[in-house]
Amino acid sequence: MTLRIFRVTVRGRFGELAEPVRARLLTDAAAHDVVKAAFTEAGTLTYERTLHSFTFRFRLRDDSEAEADADSRATVMADAEARATAWLEELGATWSALRVDAHDMADVWTSRT
C-alpha cells in the first residue's frame with residue numbers, strides 16, 4: 001500500500017447569488033481572503049469581495065490500492081469536487097465552470113532531487 005498526499009484545488013465561478021447568500025459571503029469575506037489560503041483536510045475556501053470566482057484547497061490522502069497514479073489522482077479529484085459542491089449547496093450558492101487540479105506531493109519532492 002502506498003500513501004499519497006495530494007494538494008487539490010477546485011476553482012469555479014459563482015452563479016447568480018440570492019441576496020441572503022450574497023450578504024453572508026460578503027460578511028464572511030475577510031475570513032476567506034486569499035492570504036488565509038491553506039491546503040487542509042477540511043478544505044479552505046477563498047474568494048474576493050467581487051464574488052466572481054472562488055477557490056477551494058484540500059489536502060487529501062489516498063491510501064487505496066490504486067494500481068496507477070491516474071486512478072489515485074482521479075479518486076481524490078472526485079472527492080474534492082464533491083466536498084466543494086456540498087459546501088456550495090449547503091450555502092445555497094450556484095456555481096459554474098468547476099476545474100479541479102491535483103498534485104501528488106511525492107511527485108513534487110521527487111522532481112526536486
Side-chain angles (χ1 to χ4, degrees):
M1 176 181 349
T2 302
L3 173 64
R4 292 185 169 100
I5 299 174
F6 289 88
R7 286 188 171 181
V8 186
T9 306
V10 181
R11 292 180 176 91
R13 291 189 200 123
F14 286 113
E16 181 112 9
L17 298 171
E19 191 51 42
V21 175
R22 177 176 289 286
R24 179 177 171 194
L25 288 169
L26 289 173
T27 298
D28 296 343
H32 296 279
D33 190 86
V34 71
V35 298
K36 297 183 181 189
F39 288 92
T40 66
E41 289 187 30
T44 60
L45 168 66
T46 59
Y47 56 87
E48 294 179 6
R49 295 186 64 80
T50 60
L51 301 179
H52 180 263
S53 58
F54 56 84
T55 302
F56 284 93
R57 289 172 178 82
F58 297 96
R59 183 184 67 239
L60 300 177
R61 297 170 181 254
D62 180 39
D63 58 2
S64 68
E65 295 293 330
E67 292 184 21
D69 288 343
D71 293 339
S72 186
R73 188 178 315 276
T75 299
V76 297
M77 288 173 70
D79 184 23
E81 183 173 347
R83 290 178 187 213
T85 57
W87 190 93
L88 292 163
E89 287 172 353
E90 184 177 316
L91 178 64
T94 57
W95 65 91
S96 65
L98 285 184
R99 297 176 319 279
V100 183
D101 294 308
H103 300 282
D104 185 342
M105 295 313 296
D107 292 343
V108 171
W109 292 113
T110 302
S111 68
R112 291 184 174 210
T113 57

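- Considering every non-hydrogen atom in both Ala29 and Arg49, the closest pair reads CB-NH1, 3.4 Å.
- Aromatic ring orientation, Phe56 versus Phe54: perpendicular (interplanar angle above 60°, classes split at 30° and 60°).
- The list of salt bridge (charged side-chain N to carboxylate O under 4.0 Å, His left out) pairs with a residue in residues 17-33, not counting sequence neighbours, reads Arg24-Asp28.
- Note that the OG1 atom of Thr40 and the CG atom of Leu60 stand 9.0 Å from one another [nearest 0.5 Å].
- Using modelled atom types, one finds a donor on one side chain and an acceptor on the other under 3.5 Å when comparing Asp62 with Ser72.
- Thr46 and Ala37 get closest at one heavy-atom pair: CG2-CB, 3.8 Å.
- A side-chain contact (heavy atoms from CB on, under 4.5 Å) with Val100 holds for exactly one of Val76, Thr9, Val8; it is Val8.
- Of all heavy-atom pairs between His103 and Arg73, the closest is CA-NH1, 3.7 Å.
- Residues Val10 and Leu17 share a single hydrophobic cluster, defined by chaining ILVMFWY side chains whose heavy atoms lie under 4.5 Å apart.
- Leu98 and Leu91 end up in the same hydrophobic cluster when Ile, Leu, Val, Met, Phe, Trp and Tyr side chains are linked at under 4.5 Å.
- The salt bridge (Lys or Arg N to Asp or Glu O under 4.0 Å) search around Arg11 returns Asp101, not counting sequence neighbours.
- When the side chains of ILVMFWY residues are joined at heavy-atom separations under 4.5 Å, either directly or via intervening members, Val21 and Phe14 end up in a single hydrophobic cluster.
- Legend: side chain to side chain donor-acceptor pair (under 3.5 Å) pairs involving residues 83-98, not counting sequence neighbours, sorted by first then second residue: Asp79-Arg83.
- The heavy-atom pair separating Lys36 from Ala31 by the smallest distance is CD-O, 3.8 Å.
- A donor-acceptor contact shorter than 3.5 Å is absent between the side chain of His32 and the backbone of Tyr47.
- Using a 4.5 Å heavy-atom cutoff, the side chains of Arg7 and Met105 are in contact.
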